[in-house]
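Note sheet for the following structure.
Residue numbers count from 1 along this sequence. Predicted model only: the values in this text are computed from it and were never measured.
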Amino acid sequence: MRGLQHAVTIAAPPERVWAVVVDVERWPERIPTVDTVERLDDGPLAVGSRTRLQQPRLSPAVWTVTELVDGSSYTWESSSPGVTITASHVVEPHPEGSRLTLALTVSGPLSGVGWLATRSLTQRYVETEAASIKLAAETP
């Protein structure tokens with residue numbers, strides 16, 4: 001299975017970091033690697049929630065929440081023919097505030113080709129997302 005993981009320490013309490021992470025509607029104003037977000041259902045993120053994201057240089061993708069532990073983590077998946085992408089967002093207490101870990105795995109029969117084509121871009125996007133969440137959580 002192909003994938004990556006990136007973690008940052010954030011000088012803010014886990015509750016604040018979690019609030020930024022799950023407020024996906026505001027990602028376009030906070031995260032430069034997200035152009036548009038459209039929630040496809042109402043209410044807070046929950047298992048089964050679906051969100052359409054448009055990112056630069058990538059096709060629009062619908063992400064479905066598959067796991068959620070309120071206040072600490074959620075995982076969502078997006079599928080296209082031959083490829084499934086699973087992304088997790090984990091917020092944990094840390095002596096300096098919080099630790100945010102973003103992880104992404106790519107699976108399916110066409111994942112090798114897709115991963116070769118997008119690995120570098122995906123790495124930059126995940127690092128930018130983590131840095132942007134850190135900035136938003138640390139800014140009053």
Side-chain angles (χ1 to χ4, degrees):
M1 198 174 301
R2 290 134 184 100
L4 56 88
Q5 181 173 303
H6 183 73
V8 293
T9 302
I10 301 174
E15 301 79 27
R16 171 71 181 137
V17 177
W18 179 252
V20 173
V21 169
V22 297
D23 190 2
V24 297
E25 292 93 339
R26 292 190 63 196
W27 282 12
E29 67 189 68
R30 292 176 166 162
I31 303 173
T33 59
V34 178
D35 288 333
T36 62
V37 170
E38 178 187 3
R39 287 288 311 278
L40 302 177
D41 23 50
D42 296 324
L45 283 186
V47 172
S49 293
R50 296 177 329 121
T51 303
R52 179 178 292 114
L53 273 108
Q54 175 63 60
Q55 296 182 272
R57 301 179 57 195
L58 297 174
S59 298
V62 174
W63 293 85
T64 303
V65 176
T66 57
E67 298 175 32
L68 185 136
V69 177
D70 193 34
S72 65
S73 68
Y74 75 91
T75 300
W76 59 8
E77 291 185 353
S78 179
S79 295
S80 59
V83 179
T84 298
I85 303 168
T86 303
S88 65
H89 309 73
V90 179
V91 178
E92 302 170 292
H94 185 275
E96 296 175 30
S98 304
R99 180 176 179 86
L100 171 66
T101 304
L102 303 176
L104 184 131
T105 58
V106 182
S107 60
L110 299 179
S111 63
V113 172
W115 186 242
L116 284 175
T118 63
R119 179 178 58 202
S120 178
L121 179 67
T122 301
Q123 177 75 38
R124 283 195 313 272
Y125 280 14
V126 168
E127 290 172 359
T128 299
E129 180 180 332
S132 299
I133 291 168
K134 175 181 171 70
L135 178 63
E138 290 178 345
T139 302

task = Before giving the answer on side-chain contact (heavy atoms from CB on, under 4.5 Å), spell out for Leu53 and Thr36 the whole-Å C-alpha distance, their side-chain angles and the decisive distance to 0.1 Å.
result = CA-CA 6 Å; Leu53 273 108; Thr36 62; over 6 Å; no
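- Of the possible donor and acceptor atoms, none in the side chain of Thr139 sits under 3.5 Å from a partner among the backbone N and O of Ala136.
- Scanning for salt bridge (Lys or Arg N to Asp or Glu O under 4.0 Å) contacts around Asp35 gives an empty result, with sequence neighbours left out.
- Partners of Asp41 by side chain to side chain donor-acceptor pair (under 3.5 Å), not counting sequence neighbours, listed by chain and number: Arg39.
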Listed pairs under 3.5 Å, donor-acceptor, residues 81-90 side chains, sequence neighbours left out:
| from | atom 1 | to | atom 2 | distance (Å) |
| --- | --- | --- | --- | --- |
| Thr84 | OG1 | Ser79 | OG | 3.2 |
| Thr86 | OG1 | Glu77 | OE2 | 3.3 |

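- Side-chain contact between Leu40 and Val62 is present, with at least one heavy-atom pair separated by less than 4.5 Å.
- The salt bridge (Lys or Arg N to Asp or Glu O under 4.0 Å) check on Glu38 picks up Arg52, with sequence neighbours excluded.
- With sequence neighbours left out, Arg50 forms a side chain to side chain donor-acceptor pair (under 3.5 Å) with no residue at all.
- Under the salt bridge (Lys or Arg N to Asp or Glu O under 4.0 Å) criterion, Arg16 pairs with no residue, sequence neighbours left out.
- In this structure Trp18 satisfies the ring pair (Phe, Tyr, Trp, His ring centres under 6.0 Å) test with no other residue, sequence neighbours excluded.
- In this structure, the salt bridge (Lys or Arg N to Asp or Glu O under 4.0 Å) partners of Glu138, at least two apart in sequence or on a different chain, are Lys134.
- Residues that satisfy the side chain to side chain donor-acceptor pair (under 3.5 Å) test with Glu15, not counting sequence neighbours, are absent from this structure.
- At least one side-chain heavy atom of Thr51 sits less than 4.5 Å from a side-chain heavy atom of Val37.
- Glu67 meets the side chain to side chain donor-acceptor pair (under 3.5 Å) test with no other residue; sequence neighbours excluded.
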List, one per line, each side-chain donor-acceptor pair under 3.5 Å for residues 68-76, sequence neighbours excluded.
| from | atom 1 | to | atom 2 | distance (Å) |
| --- | --- | --- | --- | --- |
| Ser72 | OG | Val69 | O | 3.4 |

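- For Gln55 (side chain) and Thr33 (main-chain N/O), a donor-acceptor pair under 3.5 Å exists by modelled atom type.
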Distance-only donor-acceptor pairs under 3.5 Å for side chains of residues 125-132, two or more places apart:
| from | atom 1 | to | atom 2 | distance (Å) |
| --- | --- | --- | --- | --- |
| Tyr125 | OH | Pro56 | O | 2.5 |
| Glu127 | OE2 | Gln123 | NE2 | 2.4 |
| Thr128 | OG1 | Arg124 | O | 2.8 |
| Ser132 | OG | Thr128 | O | 2.8 |

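- If you take OG on Ser98 and CD1 on Ile133, they are separated by 11.5 Å, rounding to the nearest 0.5 Å.
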